[in-house]
Amino acid sequence: MTRLYLFIFCLSSPVSALFAQDQTVSLGLFTGITATHSWDTGMDRDARYSAMHNLRFAPISINYSLDYEGFGFFINPGLVNIGQNFQVVNTSGGYVGKRKVHQQYLNIPLAVRLHLIDLDFFRLSLVGGGSWAFLLDGSEKIEHDATRLRFPAQVYPLLPSDYSIEYDGVATPPVDDYTLLQKRDFRSYQVFALLGFRADWDVSDAWRISADVRVHYGILDPRSPAYLDKLDRYEALYDLPGRRHDTYALVGIGVSRYFSLSQHADNGRKQTKGTPKRKNGKNPWPGPRRKKPRS
């Protein structure tokens, strides 16, 4: 029994010390932009594509932060748009079109903050954690001119009638916004690991401006298992077999309302910083001064 009491004491002491610290709570709105790079082994060895760099909009997210001395936590659910575009390359090396990849997620990150710089008006934190993302929309489309492209021999039986096999590739007609993948061809959820930095500036006693720079790495292939099976059987006309992992960088900015909570050891109650203390008595203000009558 003594060992049990000792174990409970050792476990509860750090937790008690944590909740005895002063806390800063903030709630705000963020917006930002994303840039995606897809690690796709099939696309990397496919001579028909060359990667492009493009930006997407992360329109809105809600941020709730809880900070202690030296560290903190935050949860930041919001909408993000990701996806990398590719140039379509013909057999002569010329750019003749574009392949556009788009995914929209409801992303729910949860992260720990380690305060590297912690001043009265400025804080810089290293953040790390993970997120669970739910797919809201997804598509891949391709458009290109009439040209010659290099298709793998395994898909020759699948070529439409207006595609003709020639000595240096496949002669194709013009293609306009042809859908390669629909929402159903993507996985309905994704798991991301995240790492980055956050800077906070307290511009007043109540308002804070924050800036985020985070990198998110997708643990799962964003495409559905059914589509990956189709890909492995060479049943996708414009794809080669391979696995894909999306990495996107997020740059965000937000405005938050914040306040501090102080923990009082004498009565165990929390008091919001800046709230005037109540006086003893019936009213929260001091009573009138009374003087003795002069004799």
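Only a predicted model underlies this, so the values are computations on that prediction, with no experimental measurement involved.
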* Any chance you could measure Leu106, atom CG, to Leu79, atom CG, to the nearest 0.5 Å? => 6.0 Å

* Asked: So, Ser61 versus Asn63: side-chain donor-acceptor pair below 3.5 Å or not?
  -> no

* **Spacing of Ile219 atom CD1 and Asp246 atom CG [to the nearest 0.5 Å]** => 11.5 Å

* To do: Apply the ring pair (Phe, Tyr, Trp, His ring centres under 6.0 Å) test between His216 and each candidate in Tyr248, Trp132, Tyr105; give the one that qualifies.
  => Tyr248

* Structure fact -> For Asp202 and Asp120, the nearest pair of non-hydrogen atoms, with its separation, is OD2-O, 3.5 Å

* Check for a donor-acceptor pair, side chain of His37 on one end and backbone N or O of Gln84 on the other, with a separation under 3.5 Å. => no

* Asked: For residues Ser131 and Asn107, is any side-chain donor paired with an opposing acceptor at under 3.5 Å?
  -> yes

* Please confirm whether Arg99 makes a cation-pi placement over Tyr238, using NZ or CZ under 6.0 Å from the six-membered ring centre and within 45° of the ring normal. => no

* Exceeds 12 heavy-atom contacts within 6.0 angstrom, atom OH of Tyr178 -> no

* Side-chain touch Leu126/Phe197, heavy atoms, less than 4.5 angstrom -> yes

* Asked: Between Leu29 and Val255, is a side chain to side chain contact (heavy atoms under 4.5 Å, CB included) present by the stated rule, with each step listed?
  -> CA-CA 6 Å; Leu29 295 176; Val255 177; over 6 Å; no

* Can you check whether Asp67 reaches Tyr258 side chain to side chain, under 4.5 Å on heavy atoms? -> no

* Structure fact -> Closest non-hydrogen contact found for Ala133 with Phe192 is CB-CE1, 3.8 Å

* Asked: side chain to side chain contact (heavy atoms under 4.5 Å, CB included) between Arg198 and Arg214: does it pass, once the steps are laid out?
  -> CA-CA 8 Å; Arg198 170 172 289 183; Arg214 302 200 304 255; 3.9 Å; yes

* **Arg48 side chain reached by Leu240 side chain, heavy atoms, under 4.5 Å** => yes

* May I ask you to test the Leu237-Pro160 pair for a side-chain heavy-atom distance under 4.5 Å? => yes

* Asked: Do side-chain atoms of Ser204 reach the backbone of Ala206 as a donor and acceptor pair under 3.5 angstrom?
  -> yes

* Measuring from Asp177:CG to Lys141:NZ, what's the distance to the nearest 0.5 Å? -> 5.0 Å

* Asked: Which atoms form the tightest heavy-atom contact between His245 and Tyr217, and what is the distance?
  -> CG-OH, 3.6 Å

* Donor-acceptor under 3.5 Å (Ser139 side chain, Gln182 main chain) -> no

* Asked: Do Leu180 and Tyr227 share a hydrophobic cluster, counting only Ile, Leu, Val, Met, Phe, Trp and Tyr and linking them when any side-chain heavy atoms are less than 4.5 Å apart?
  -> yes

* Asked: Quick one: does Arg184's side chain get under 4.5 Å of Phe186's, heavy atoms only?
  -> no

* Among Asn85, Asn81, Thr36, which residue meets the side chain to side chain donor-acceptor pair (under 3.5 Å) test with Arg56? -> Asn85

* Asked: Okay, side chain of Lys98, backbone of Glu143: is any donor-acceptor separation there less than 3.5 Å?
  -> no

* Could you check Leu250 against Thr34 for side chain to side chain contact (heavy atoms under 4.5 Å, CB included), going step by step and ending with a plain yes or no? => CA-CA 5 Å; Leu250 169 68; Thr34 66; 3.8 Å; yes

* May I ask whether Val112 and Val25 are part of the same hydrophobic cluster, defined by side-chain heavy atoms of I, L, V, M, F, W, Y residues being less than 4.5 angstrom apart, directly or through others? => yes

* Between the side chains of Ser224 and Asp185, is a donor N or O closer than 3.5 angstrom to an acceptor N or O? -> no

* Give the minimum heavy-atom separation between Gly242 and Leu228, together with the two atoms involved. => O-CD2, 4.4 Å

* Which is it for Val175 and Ile142 under the side chain to side chain contact (heavy atoms under 4.5 Å, CB included) test, yes or no, and what are the steps along the way? -> CA-CA 7 Å; Val175 172; Ile142 192 169; 4.3 Å; yes

* Heavy atoms only: give me the nearest Phe30-Ser256 pair and the separation to one decimal. => CE1-OG, 4.0 Å

* To do: To the nearest 0.5 Å, tell me how far Phe134 CZ sits from Tyr189 OH.
  => 10.0 Å

* Please answer: with hydrophobic residues joined when any side-chain heavy atoms are less than 4.5 Å apart, are Leu66 and Val127 in the same cluster? => no

* Asked: Do side-chain atoms of Asp221 reach the backbone of Arg244 as a donor and acceptor pair under 3.5 angstrom?
  -> yes

* Asked: Just wondering, do Leu195 and Val215 contact through their side chains at under 4.5 Å, heavy atoms?
  -> no

* Separation between CD of Glu235 and CD of Gln154, rounded to the nearest 0.5 Å -> 12.5 Å

* Asked: Any chance CZ of Phe122 has more than 12 other-residue heavy atoms, nucleotides or ligands included, within less than 6.0 Å?
  -> yes

* **Ile75 with Leu27, same ILVMFWY side-chain cluster at under 4.5 Å** => yes

* Are Thr91 and Glu166 side-chain neighbours, meaning at least one heavy-atom pair lies under 4.5 Å? -> no

* **Donor-acceptor pair, side chain of Gln190 and main chain of Leu220, under 3.5 angstrom** => yes

* Approximate separation, where rounding is to 0.5 Å, of Phe259 CZ and Asp205 CG -> 14.5 Å

* Is the side chain of Asp232 donor-acceptor paired with the backbone N or O of Asp229 at a distance under 3.5 Å, no angle test? -> no

* Any side-chain heavy-atom pair of Arg123 and Arg113 under 4.5 Å -> yes

* Without swapping roles, check the side chain of Asn54 against the backbone of Gly83 for a donor-acceptor pair under 3.5 Å. => yes

* Asked: Got a sec: does the CZ of Arg233 have more than 12 other heavy atoms crowding it under 6.0 Å?
  -> yes

* **Common cluster, Tyr163/Tyr156, ILVMFWY with side-chain heavy-atom separation under 4.5 Å** => yes

* Asked: Do the rings of Phe73 and Phe71 sit parallel, tilted or perpendicular, given the 30° and 60° boundaries?
  -> perpendicular

* List the atom of Ala236, the atom of Val155, and the distance in Å for their closest heavy-atom pair. => O-CG1, 4.0 Å

